[in-house]
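The structure appears below as structure tokens.
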Amino acid sequence: MYALRQNHDTRPVVYLDKTWVNQNHTRGYISQNPENTEGPIGKGARLIVCHAGSPSFGFVKNSKLMLANLEEPCIVVMDNASYHSVLSDDYPKVNARKADVQKWLEKKCIQYSPVETLTLQMGHEVVRLPPYHCQYDPIELIWAQVKGEVAKKNSTFKMADVEVLVNNALGEITKEAWKKCGEHCSKLQDADFVKEVLKDEMLEPIILSINPDESSTDEDENDDDKLLDL
């Protein structure tokens with residue numbers, strides 16, 4: 001990502017991710033509904049939220065993770081979760097019989113050509129986040145804002161109402177909010193990149209050259225000293 005910015009790449013950067021909101025999601029303290037009764041105990045059912053957005057234009061319109069709605073080739077940033085690397089079609093394993101492999105190739109009408117991924121077919125470039133570095137993804141900050149709004153307004157603790165609150169909160173996220181979060185994460189990416197470069201420069205390899213003749217001479221002298229001691 002640092003290199004793309006240094007090269008003045010003009011393609012929008014789209015971040016995609018998922019989060020979840022529990023049915024009884026509220027603020028950290030005990031909540032009460034309009035009837036002044038305490039809310040239910042426990043997290044309750046879970047609502048899964050998938051979306052994609054960009055600091056350039058906010059959430060992808062009418063998306064809910066439908067990349068076909070991107071209007072131009074983009075740089076798609078995602079984490080390294082296993083479900084982001086699932087094959088779109090199964091293939092013969094290394095222990096498969098030759099006849100089965102041939103049958104599979106004939107069925108697919110391919111001749112050892114690599115299978116293009118969905119995003120590449122659509123003209124986008126995929127960038128993977130380093131493992132356990134979600135701080136580089138501005139959508140994580142967006143999720144915090146969305147869930148904060150849900151927690152503040154959740155009073156019925158009904159899943160249908162929670163879903164409405166989530167959609168309303170997503171709709172209230174502005175392009176400016178995305179831009180601010182994107183700038184924050186870009187600064188983190190650049191700062192950590194510079195740290196890695198400086199660390200590599202400081203840890204230069206140390207090479208010791210040993211003259212074989214000098215080594216053998218020293219060893220011979222040490223052996224002579226041992227003989228004299230005896």
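All residue numbers refer to positions in the sequence shown, counting from 1.
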- Item | Any donor-acceptor N/O pair, Asn154 side chain to Val150 backbone, under 3.5 Å | no
- Message: Measuring from atom OH of Tyr15 to atom SG of Cys181, what distance do you get when rounded to the nearest 0.5 angstrom?
- Response: 11.0 Å
- Message: Check for me, please, whether Phe157 and Val164 land in the same ILVMFWY cluster - side-chain distances under 4.5 Å, paths through other members count.
- Response: no
- Message: For the backbone of Glu163 and the side chain of Asn167, can you confirm whether one donor and one acceptor N or O come within less than 3.5 Å of each other?
- Response: yes
- Task: Compare every heavy atom of Trp143 with every heavy atom of His51, then report the nearest pair and how far apart it is.
- Result: CB-CH2, 3.7 Å
- Query: Would you call Glu183-Lys180 a salt bridge at under 4.0 Å N-O?
  - Reply: no
Side-chain polar contacts of residues 191-198 - donor-acceptor pairs under 3.5 angstrom, sequence neighbours left out - could you list them?
unit_1 : atom_1 : unit_2 : atom_2 : d
Asp192 : OD2    : Tyr136 : OH     : 2.5
Glu196 : OE1    : Lys199 : NZ     : 3.4
Glu196 : OE2    : Lys199 : NZ     : 3.4

- Item | For the student: nearest non-hydrogen atoms of Ala52 and Val14, plus distance | CB-CG1, 4.0 Å
- Closest non-hydrogen atom pair, Ala177 against Gln145: CB-OE1, 4.2 Å
- Message: Ignoring hydrogens, what is the shortest heavy-atom contact between Gly123 and Pro73? Give both atom names and the distance.
- Response: O-CB, 3.1 Å
- Item | Side-chain touch Val49/Leu170, heavy atoms, less than 4.5 angstrom | yes
- Note on the structure: To the nearest 0.5 Å, atom CZ of Arg46 lies from atom CH2 of Trp20 at 5.0 Å
- So how far is it from His133 NE2 to Gln189 CD, rounded to the nearest 0.5 Å? 11.0 Å
- May I ask whether Tyr2 and Leu4 are part of the same hydrophobic cluster, defined by side-chain heavy atoms of I, L, V, M, F, W, Y residues being less than 4.5 angstrom apart, directly or through others? no
- Spacing of Trp178 atom CH2 and Ile173 atom CD1 [to the nearest 0.5 Å]: 9.0 Å
- Message: Are His184 and Pro138 packed together at the side-chain level, in the sense that at least one heavy-atom pair is separated by less than 4.5 angstrom?
- Response: no
- Just wondering, do Asp79 and Tyr132 contact through their side chains at under 4.5 Å, heavy atoms? no
- What pair of heavy atoms forms the shortest contact from Met1 to Val77, and how long is it? SD-CG2, 4.0 Å
- For the residue pair Val162 and Val21, establish whether any side-chain heavy-atom pair is separated by less than 4.5 Å. yes
- Query: Any donor and acceptor pair, going by atom type alone, linking the side chain of His124 with main-chain N or O of Cys74 inside 3.5 Å?
  - Reply: yes
- Item | Under 3.5 Å: donor-acceptor pair, side chain of Glu140, backbone of Gln135 | no
- Message: Would you compute the distance between atom CZ of Phe59 and atom CD1 of Ile142 and round it to the nearest 0.5 angstrom?
- Response: 6.0 Å
- Expected output: side-chain His25 to main-chain Lys147 donor-acceptor under 3.5 Å: yes
- Given the rule in the salt bridge (charged side-chain N to carboxylate O under 4.0 Å, His left out) test, do Glu149 and Lys152 qualify, once you have shown the distances and angles that lead to the verdict? CA-CA 5 Å; Glu149 285 298 308; Lys152 182 169 61 176; 3.1 Å; yes
- Message: For Val13 versus Pro55, what's the shortest heavy-atom pair and its separation?
- Response: O-CD, 3.5 Å
- Quick one: does Pro12's side chain get under 4.5 Å of Glu72's, heavy atoms only? yes
- Item | Student check: side-chain heavy atoms of Gln23 and Leu47 closer than 4.5 Å | no
- Electrostatic pair Arg11-Glu125, nearest N-O below 4.0 angstrom: yes
- Decide whether Thr156 and Asp161 meet the rule of one side-chain donor and one side-chain acceptor closer than 3.5 Å. yes
- NZ-OG distance between Lys179 and Ser54, expressed to the nearest 0.5 angstrom: 11.5 Å
- Side-chain heavy-atom pair Asp190, Lys187 within 4.5 angstrom cut-off: no
- Message: Do Met78 and Arg128 make a side-chain contact, defined as non-hydrogen atoms from C-beta onward lying under 4.5 Å apart?
- Response: yes
- Query: Pick one: which of Ile139, Leu141, Asp137 meets side-chain contact (heavy atoms from CB on, under 4.5 Å) with Cys185?
  - Reply: Leu141
